[in-house]
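Written out below as structure tokens is the structure these notes cover.
No hydrogens, no waters, no symmetry mates; every other heavy atom, side chains included, goes into these values. Everything quoted here is computed from the prediction, not taken from an experiment.
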Amino acid sequence: MPRVPIALAAALGLTSLLVAPPAPKAEEGDRAGWSVATDPRRRAFLIATETAGGPRLLTIACLRDADSFAIYSAGVPGLAAGEGVDLTLAVADAEYRLTGSADPDRDSGVVGFSGEHDIEGAARKKLAKELLPVLKAPGPIVLTIGSAPPVEIPLEDLPPRAGIAGPLKTFEKICFGK
């Protein structure tokens with residue numbers, strides 16, 4: 001299936017196409033730790049980076065206008081390209097899994113993960129029930145993709161890294177609110 005940017009897919013009314021993962025380098029202004037990016041179309045992107053300006057280890061995207069949910073990851077050492085790759089976000093007593101693909105970035109060659117699914121109607125409630133216990137746990141989250149070594153992502157404030165609490169509140173309101 002072809003890969004198209006999220007904005008183009010939404011503009012064309014295409015909600016079931018796989019979207020291209022974001023570039024492995026963080027966007028200008030991304031801080032170390034957790035942040036959230038939103039837009040007026042009821043979209044929220046929960047982002048975790050190891051360092052300011054570093055790779056986006058985890059991007060959790062909720063596109064309410066397109067009833068789509070996606071997870072992207074870049075900069076995970078040892079990630080090999082392939083289809084049908086499992087991503088797991090785990091804490092002590094909860095985990096969330098998503099199957100997607102791992103593909104090299106066209107510009108950098110860095111392999112990144114992308115996976116998505118529709119969250120129309122009851123699927124949004126199911127997603128909240130499965131994902132929020134992982135994101136609200138004391139942490140850290142253990143990110144595992146395929147056979148790559150696990151990566152721990154802290155959830156709490158560890159200066160200079162920002163914690164998840166503030167960004168998650170905004171993400172949850174947009175993604176799972178009414």
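Taken together through direct or relayed side-chain contacts under 4.5 Å among Ile, Leu, Val, Met, Phe, Trp and Tyr, Ile60 and Val142 form parts of separate hydrophobic clusters.
Not one N or O on the side chain of Arg43 forms a donor-acceptor pair closer than 3.5 Å with the backbone of Ala66. For Trp34 (side chain) and Thr49 (main-chain N/O), no donor-acceptor pair under 3.5 Å exists by modelled atom type. Here the side chain of Asp39 pairs a donor or acceptor atom with the backbone of Arg41 at under 3.5 angstrom. Arg42 contributes no side-chain N or O that, together with a main-chain N or O of Leu63, makes up a donor-acceptor pair within less than 3.5 Å.
The side chain to side chain donor-acceptor pair (under 3.5 Å) analysis of residues 87-99, with sequence neighbours excluded, yields the pairs Asp86-Thr99, Thr88-Arg97, Glu95-Arg97, Tyr96-His117. Within the structure, every pair that satisfies the side chain to side chain donor-acceptor pair (under 3.5 Å) test and touches residues 145-167, not counting sequence neighbours, is listed here: Glu50-Arg161.
Side-chain contact between Leu155 and Ile164: present, with at least one pair of heavy atoms (C-beta onward) separated by less than 4.5 Å. The shortest distance between side-chain heavy atoms of Leu46 and Leu168 falls below 4.5 Å. Within the 4.5 Å cutoff, no side-chain heavy atoms of Ile71 are placed close to those of Thr59. Side-chain contact between Ile153 and Pro140 is absent, with no heavy-atom pair separated by less than 4.5 Å. Annotation: side chain of Phe45 is not in contact with side chain of Val36 (no heavy-atom distance under 4.5 Å). Looking only at side-chain heavy atoms (C-beta outward), Pro77 and Pro149 stay at 4.5 Å or farther from each other.
Of all non-hydrogen atoms in Leu58 and Leu143, the two that sit nearest each other are CD1-CD1, 4.4 Å. Residues Ala102 and Val111 share a closest heavy-atom pair of CB-CG1, 3.8 Å. Nearest approach of Pro55 to Ala74, heavy atoms of both residues: CB-O, 3.8 Å.
With rounding to the nearest 0.5 Å, the separation of OH in Tyr72 from CD in Glu116 is 6.0 Å.
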Inset, instruction - Let me see the working for Glu130 and Lys126 under salt bridge (charged side-chain N to carboxylate O under 4.0 Å, His left out), right down to the final yes or no. - result: CA-CA 6 Å; Glu130 294 173 355; Lys126 181 179 183 225; 3.5 Å; yes
